[in-house]
Enquirer: 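Please see the structure below; I have some questions.
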Amino acid sequence: MSWLSRLKIARGNQPPLSAEAERALEAWHALAESAHEQPHFESRYVVLNTEATGLDLERDRLLAVGAISIDGGLLHPRDAYHAQLEPSPGDALAGLLGFIGRSPLVVFNATFNRTILERAFVKQLGFTPEFLWIDLFFLLPSLFPERLERPGRLADWMAAFEIETFQRHHALGDAWAIAQLFLAAQSRALSLAVTNPRALAEHAQAYRQKLKV
């Protein structure tokens with residue numbers, strides 16, 4: 001079944017997507033897969049964060065998404081995306097895909113962010129996009145045990161690195177803080193010969209398996 005057919009089934013009786021959103025989806029599906037094995041400073045990462053009604057995956061729903069790019073080892077504040085899900089959740093998610101492309105995703109707490117986002121993709125667009133996910137919840141303590149010995153809250157890591165942002169508990173505001181933490185993680189990872197997006201994801205996963213969580 002084509003992505004367009006899945007989209008029509010998922011949308012059901014909902015209003016159709018805007019022409020811009022449909023173009024963004026078509027362009028995303030046409031993109032080639034990435035091997036994610038280029039060095040950090042030749043890669044574009046997208047730091048992604050969500051805003052929801054709460055932290056209960058069974059009851060709460062997605063309210064907004066925020067994303068910022070780190071390209072060539074540099075944080076680009078103007079290369080960012082933020083959208084409220086209402087009143088057009090399909091358009092918001094299609095726009096997010098257009099912003100991400102096939103870049104690896106950097107999140108803090110993938111268990112929550114990935115789950116709630118993928119549910120929204122299925123509900124609104126009819127499919128789950130495949131990405132390489134890098135979870136700072138596990139990557140940071142694996143790289144900086146001298147700062148926090150085990151996984152901690154975003155607020156704890158912000159305090160450990162003396163990082164501030166323009167608005168906490170806001171999709172883009174927290175993404176800005178997460179992006180700054182990721183820059184520190186990139187630098188430390190290089191010193192350990194963890195040199196590309198796939199290696200970062202595998203490093204974080206190995207640490208998670210070590211904790212058996």
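FYI, side chains are in, hydrogens and waters are out, and symmetry mates aren't considered; it's all heavy atoms of this structure.
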Enquirer: How far apart are the C-alpha atoms of V107 and F137, what are their side-chain angles, what is the distance that settles it, and do they pass the side-chain contact (heavy atoms from CB on, under 4.5 Å) test?
Expert: CA-CA 8 Å; V107 296; F137 185 76; over 6 Å; no
Enquirer: Do R198 and L132 come within less than 4.5 Å of each other through their side chains, counting heavy atoms only?
Expert: yes
Enquirer: Should L96 and L48 count as side-chain neighbours, where that means a heavy-atom distance under 4.5 Å?
Expert: yes
Enquirer: Is it true that the side chains of R44 and S103 contain a donor and an acceptor less than 3.5 Å apart?
Expert: yes
Enquirer: Is the shortest heavy-atom distance from the side chain of F121 to the side chain of P129 under 4.5 Å?
Expert: yes
Enquirer: Hey, which of K210, H203, Q205 is the one that makes side-chain contact (heavy atoms from CB on, under 4.5 Å) with S142?
Expert: H203
Enquirer: Is there a continuous path of hydrophobic side-chain contacts, each under 4.5 Å between heavy atoms, that joins V106 to L192?
Expert: yes
Enquirer: For residues A94 and L25, report the shortest heavy-atom separation together with the two atoms involved.
Expert: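 Distance-wise, the nearest heavy atoms are CB-CG, 3.9 Å.
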Enquirer: Evaluate the side-chain proximity of S43 to D71: yes if any heavy-atom separation is below 4.5 Å, no if none is.
Expert: no
Enquirer: Please answer whether the main-chain N or O of D91 pairs with a side-chain N or O of S88 as donor and acceptor at a distance below 3.5 Å.
Expert: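 A pair under 3.5 Å: no.
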Enquirer: Does the separation of the ring centres of W28 and F127 fall below 6.0 angstrom?
Expert: yes
Enquirer: Looking at S69 and L75, what are the two nearest heavy atoms and their distance?
Expert: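 Reported closest heavy-atom pair: O-CD1, 3.8 Å.
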Enquirer: Quick one: does R11's side chain have a donor or acceptor within less than 3.5 Å of a partner on P15's backbone?
Expert: yes
Enquirer: L17 vs E22, test: side-chain contact (heavy atoms from CB on, under 4.5 Å). Steps then yes/no.
Expert: CA-CA 6 Å; L17 296 182; E22 288 193 359; 4.0 Å; yes
Enquirer: Between the side chain of N113 and the main-chain N/O of T50, is any donor-acceptor distance below 3.5 Å?
Expert: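 Pair found, side chain donor or acceptor close to backbone of T50.
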Enquirer: For the residue pair A185 and L143, what are the closest heavy atoms and their distance?
Expert: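 The pair with the smallest heavy-atom distance is O-CD1, 3.5 Å.
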Enquirer: Given side chains that start at C-beta, do those of Q180 and M158 come closer than 4.5 Å, heavy atoms only?
Expert: no
Enquirer: Could you check, using the six-membered ring where one of them is a Trp, whether Y45 and H36 have ring centers closer than 6.0 angstrom?
Expert: no
Enquirer: Looking only at atom types and distance, does a side-chain atom of H170 sit under 3.5 Å from a main-chain N or O of L172, one as donor and one as acceptor?
Expert: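 Looks like yes, one N/O pair under 3.5 Å.
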Enquirer: Nearest 0.5 Å, please: how far is CD1 in I68 from CZ in R78?
Expert: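 Output value for this atom pair is 14.0 Å.
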Enquirer: Atom CG of L93 and atom NZ of K123: how far apart are they, to the nearest 0.5 Å?
Expert: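 Between L93 CG and K123 NZ, I get 11.0 Å after rounding to 0.5 Å.
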Enquirer: Look at atom CD of E164 and say whether more than 12 heavy atoms of other residues, nucleotides or ligands are closer to it than 6.0 Å.
Expert: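 No, because the 6.0 Å sphere around CD of E164 holds 12 heavy atoms or fewer from other groups.
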Enquirer: Where the side chain of R61 meets the backbone of A52, is there a donor-acceptor pair that is under 3.5 Å apart?
Expert: no
Enquirer: Search all heavy atoms of G90 against all heavy atoms of Q124 and return the closest pair with its distance.
Expert: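 For G90 and Q124, the tightest heavy-atom pair comes out as N-OE1, 3.8 Å.
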Enquirer: Is atom CD of E26 surrounded by more than 12 heavy atoms (other residues, nucleotides or ligands) closer than 6.0 Å?
Expert: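 Atom CD in E26 is not packed in, count stays at 12 or less.
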Enquirer: Please check: side-chain N/O of T165 versus main-chain N/O of G173, any donor-acceptor pairing under 3.5 Å?
Expert: yes
Enquirer: Could you go through the side-chain contact (heavy atoms from CB on, under 4.5 Å) check for L136 and F182 one step at a time?
Expert: CA-CA 7 Å; L136 291 194; F182 181 65; 3.9 Å; yes
Enquirer: Can you tell me how far CD of Q186 sits from OG1 of T195, rounded to the nearest 0.5 angstrom?
Expert: 11.0 Å
Enquirer: Is the shortest side-chain heavy-atom distance between L181 and L140 below 4.5 Å?
Expert: yes
Enquirer: Kindly say whether V194 contributes a backbone atom to a donor-acceptor pair with the side chain of H40 at under 3.5 angstrom?
Expert: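 Yes; at least one donor-acceptor contact below 3.5 Å.
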Enquirer: Mind listing the closest non-hydrogen atom pair of L31 and G101 along with its distance?
Expert: CD1-CA, 3.6 Å
Enquirer: Supply the atom-to-atom distance W133 CH2 to L200 CG, rounded to the nearest 0.5 angstrom.
Expert: 16.0 Å
Enquirer: Mark yes or no for whether D79, through its side chain, and H76, through its backbone, hold a donor-acceptor pair below 3.5 Å.
Expert: no
Enquirer: Distance check, rounded to the nearest 0.5 Å: F138 atom CZ versus L211 atom CG?
Expert: 6.5 Å
Enquirer: Using a 3.5 Å distance criterion without hydrogens, assess whether the side chain of N49 forms a donor-acceptor pair with backbone atoms of A171.
Expert: yes
Enquirer: Do the side chains of D174 and L154 get nearer than 4.5 Å, heavy atoms only?
Expert: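 Heavy-atom side-chain distance check passes, below 4.5 Å.
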Enquirer: Quick one: is the NZ or CZ of R147 closer than 6.0 Å to the six-membered ring centre of F161, and within 45° of its axis?
Expert: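 Geometry flag: set, cation within 6.0 Å and 45°.
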Enquirer: Can you name the closest pair of heavy atoms from F99 and A67 and give their distance?
Expert: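 Scanning both residues, the minimum pair turns out to be CE2-CB, 3.6 Å.
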Enquirer: Verify the neighbour count for atom CD of Q167: are there more than 12 heavy atoms of other residues, nucleotides or ligands below 6.0 Å?
Expert: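 Yes, enclosed.
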Enquirer: Hydrophobic clustering (ILVMFWY, side-chain heavy atoms < 4.5 Å, transitive) - are L63 and F108 grouped together?
Expert: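 Cluster IDs for F108 and L63 differ.
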Enquirer: Take L125 and V122 through the test side-chain contact (heavy atoms from CB on, under 4.5 Å) and record every step on the way to the result.
Expert: CA-CA 6 Å; L125 303 180; V122 170; over 6 Å; no
Enquirer: Check whether any side-chain heavy atom of R102 sits under 4.5 Å from a side-chain heavy atom of V46, and report yes or no.
Expert: no
Enquirer: Under a single-linkage definition using a 4.5 Å side-chain heavy-atom cutoff for Ile, Leu, Val, Met, Phe, Trp and Tyr, are L183 and F166 assigned to the same hydrophobic cluster?
Expert: yes
Enquirer: Can we say R188 and E146 salt-bridge, meaning some charged N sits less than 4.0 Å from an Asp/Glu carboxylate O?
Expert: yes
Enquirer: Looking at CG of L97 and OH of Y81, how far apart are the two atoms once the value is rounded to the nearest 0.5 Å?
Expert: 9.0 Å
